[in-house]
K.L.:
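Before anything else, here's the structure in question.
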Amino acid sequence: PALDLEAGFDRTIEADQRIEPRDWMPEAYRKTLIRQIAQHAHSEIIGMQPEGNWILRAPSLRRKAILLAKVQDEAGHGMYLYAAAETLGVDREELTEKLIDSKQKYSSIFNYPTLSYADIGVIGWLVDGAAICNQVPLCRCSYGPYARAMVRICKEESFHQRQGFELLLAMVNGTDAQREMVQESVNRWWWPSLMMFGPPDDDSPNSAQSMAWGIKRHTNDELRQRFVDMSVPQAAALGVTLPDPELVWNPERKAHDYGEPDWDEFKAVIAGSGPANAQRVAHRRRAHEGGAWVREAAQAYAEKQAGVRA
Ligand code: ACO
């Protein structure tokens, strides 16, 4: 019977159909999904911090309302993703513990500080742009609950990306100081955005198996290339320079050649020594511990209601 189950799983993957929570799946498939979905959920939750930093300093009521809504969307994305992970038999509480004990990763990008308001625009344009590039193919992920969560998340992400671009358009049409602020921000965020796609393919231990299982649909380098090609005309429209002297159109490949990101920096950031890792995790831990009374009260209320009904 075990062989039948495995053959059934293989047939589903082969036919490009979806695996659902009650279907049999190899333990390694389940573990890989938990790893990726948890990391993705943590990224959404930690990703609220760099932008939350500017809510009280947004330059107008309109910008404040937009930023608040965007940060709230990210909390929502984290919740859908934790719920998707729970269909694989883990508990949200357990995942949160792993995050605040630094036992599970979240995206490297959120370990960089937001130093100016232009960073809010650049995060929308580049960081959310990179996120969309990486996540649209995940709407076709072989695991049903993850794929379905990605559909709504991607719609909201593309709205986020456009608000970032619109913010930057307003700034580049402003004063010289505003234009300089945008360029300075692009200089800081370009390379970390390229690193969001993960290590180069020849140094990506999980890619081959995740592609074979239909968890990932493209390699890290394929998506990075797509992002570079998409960003170049957008940078031109904004009148900003991408800080890569090797960036040039290659007519033979019909794609841009570009420079090598600093992979030592990437490794240091995911190992925990990026500019803001300690601060991000400490903040998340404080928020979790500060919310303990809410969880306890909700639990007590649920128990009381169950008692009333019994
Ligand atoms: N930041 C932190 N860790 C990373 C990053 C990154 N940018 N890229 C790769 N890693 C980690 C991987 O998690 C893996 O570590 P682990 O084995 O300890 O878990 C290791 O580096 C090696 O990388 P890969 O073998 O390439 O790992 P994987 O196949 O999981 O690919 C990728 C990484 C592309 C990020 C994939 O997990 C993915 O597509 N995830 C879903 C999208 C996501 O998480 N986005 C979050 C940021 S976007 C946002 O929230 C706005």
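When a ligand or atom number is given, it counts from 1 through the structure's own listing order.
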K.L.:
Apply ring pair (Phe, Tyr, Trp, His ring centres under 6.0 Å) to W249 and list each qualifying residue two or more places apart in sequence or on a separate chain.
P.N.:
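Partners of W249 under the ring pair (Phe, Tyr, Trp, His ring centres under 6.0 Å) test: H256.
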
K.L.:
Ignoring hydrogens and angles, tell me if any N or O in the side chain of S204 forms a donor-acceptor pair with the backbone of P200 under 3.5 Å.
P.N.:
no

K.L.:
What residues form a ring pair (Phe, Tyr, Trp, His ring centres under 6.0 Å) with W54, not counting sequence neighbours?
P.N.:
Y117

K.L.:
For ligand 1, list the protein residues that place a heavy atom within a distance below 4.0 Å of one of its atoms, sorted by chain and number.
P.N.:
R35, Q36, Q39, H40, S43, E44, K105, Y106, S107, S108, F110, A131, N134, Q135, L138, Y146, M195, M196, F197, G198, P199, S204, P205, N206, K216, N220, F266, I270

K.L.:
Not counting sequence neighbours, list each pair that qualifies as a ring pair (Phe, Tyr, Trp, His ring centres under 6.0 Å) and has a residue in residues 178-211.
P.N.:
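Applying ring pair (Phe, Tyr, Trp, His ring centres under 6.0 Å) to every pair that reaches into residues 178-211, excluding sequence neighbours, yields W190-F227, F197-F227.
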
K.L.:
Could you tell me whether the side chain of R224 and the main chain of L194 form a donor-acceptor pair under 3.5 Å?
P.N.:
yes

K.L.:
Within the distance-only criterion (no hydrogens, no angle test), does the side chain of D128 pair as donor or acceptor with the backbone N or O of S158 below 3.5 angstrom?
P.N.:
no

